[in-house]
Amino acid sequence: MPDLLVQYGVAILFAWAFAVQSGMPLPAAPVLLGAGALSGSGRMNLALALGATIIAALGADVLWYALGRSVGLRVFGTLCRFSLDPDSLVREAKERFLSHRGRYLILAKFLPGLNPLAAGLAGAASLRPDRFYAGIGALLWAGAWIVLGYAFSDAIGLVATWASRVGTPLVIVLAAAVTVYLVLKYVRRRRFLVHLRKARIMPMALKRRLEAGDPLVIVDLRTALDVEAAPYKIPGARLIDPEELKHPHRTIHRDSEVVFYCAEPREATSAQVALRAAAIGFHNVHPLSGGLEAWRQAGFPVERIKPPAPDVGREEASAERS
């Protein structure tokens, strides 16, 4: 990589930074440290390196912000096609964004795969430009790595020299480690999806069960951000945070037949809570295929959720049907 940086310089740095901050699973630190080390040895202009990296990161932020503004939270369905394990990250990003809003964009720069989620959430939440701290995050992210490489350019040069001597064996070991990691992630995800296909219930089947008077417990697992974007729920559903379901039997009777729904891609949160419940003795648990969005698209009735009053939990909902 240092040779490529020397030969193509700023263009490689710009493209790599844009790809990383757009969500591609690429390592950022080695390239930025390498750019800083080259700047320290006089083979790259430090100001140009910093400028190109900051502009690339801002470009990725603007792209995902615009997508979030145009398609809302559905943007994550697109993003999740580029990752082996995206689903749990989506909910975590929503919860952190709710707590920190624009400031989360700074932290997300340093967490692999989270920057597009944070920028997309900012767009979906219509965050004002003056609260969109992407510029600060880009400056800190680029500056931290490149300046660190600049300061320790001699040490990084020694490491690069050693690595070039080791050569092929080192590359083989690293490639094997990455391959094993990716295979394990893929196998784990495939098992998760197989279980999901077997356990989930379709909206039409749920509607028929409800019309027949079957005693189902329906649980809405969406985040407050999801509820804000779609203030509806399936009639009779209970709004419960997944953290309250670490031990589901404390909230729901063990003999109940339970249907969970959420707003994450592939019903990830619903499936994870259902797996947890099944592991402690619940025998009839089902994620709702497609979640609330699929239920609404099928034309089935929903209840409007009241905005919570101060010190009142999110379970309060009106009986008004839409």
Side-chain angles (χ1 to χ4, degrees), residues 1-69 75 78-79 81-83 102-120 122-123 129-130 132-168 170-171 174-175 178:
M1 184 56 69
D3 293 337
L4 288 175
L5 286 174
V6 170
Q7 187 173 358
Y8 298 104
V10 175
I12 286 289
L13 193 58
F14 178 90
W16 196 272
F18 182 84
V20 168
Q21 293 300 334
S22 293
M24 297 296 290
L26 300 171
V31 176
L32 298 183
L33 287 171
L38 291 174
S39 299
S41 62
R43 288 181 287 175
M44 181 179 288
N45 185 286
L46 179 62
L48 284 178
L50 281 169
T53 306
I54 292 170
I55 292 171
L58 283 173
D61 287 338
V62 170
L63 170 64
W64 283 106
Y65 181 86
L67 286 172
R69 285 294 295 267
V75 69
T78 300
L79 177 62
R81 295 173 185 171
F82 300 99
S83 175
R103 296 186 298 276
Y104 181 52
L105 289 161
I106 299 175
L107 175 64
K109 284 283 185 294
F110 295 88
L111 302 175
L114 286 186
N115 185 66
L117 293 174
D130 63 323
F132 188 58
Y133 300 135
I136 298 174
L139 175 62
L140 291 175
W141 177 71
W145 289 115
I146 293 177
V147 171
L148 188 64
Y150 183 90
F152 294 93
S153 58
D154 292 339
I156 292 173
L158 291 175
V159 172
T161 301
W162 173 81
S164 64
R165 290 174 181 170
V166 176
T168 303
L170 178 62
V171 173
L174 292 176
V178 171

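The chain is numbered in sequence order, starting from 1.
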Contact list for residues 31-42, test side chain to side chain donor-acceptor pair (under 3.5 Å), sequence neighbours left out
Ser41-Arg43
For Phe110 and Ala144, work out which heavy atoms get closest and say how close.
CE2-CB, 4.2 Å
Between Pro27 and Trp16, what is the shortest heavy-atom contact and its length?
O-NE1, 2.7 Å
Residue pair Leu50 / Tyr150, side-chain heavy-atom distance below 4.5 Å:
no
Heavy-atom closest pair (Ala37 atom, Ser153 atom, distance to 0.1 Å) is O-CB, 3.5 Å
Atom CG in Leu140, atom CG in Leu107: separation rounded to 0.5 Å?
11.0 Å
Nearest heavy-atom neighbours spanning Asp61 and Lys109
OD2-NZ, 2.6 Å
Where Ser22 and Trp64 come nearest, the two heavy atoms and their spacing:
O-NE1, 3.1 Å
Matching residue for Trp141 among Leu32, Ile146, Ile54 - test: side-chain contact (heavy atoms from CB on, under 4.5 Å)
Leu32
Check Ala19 against Leu26 and note the closest heavy-atom contact, atom names and distance.
CB-CD1, 3.8 Å
Rounded to the nearest 0.5 Å, what separation is found between the CG atom of Leu48 and the OG1 atom of Thr53?
10.5 Å
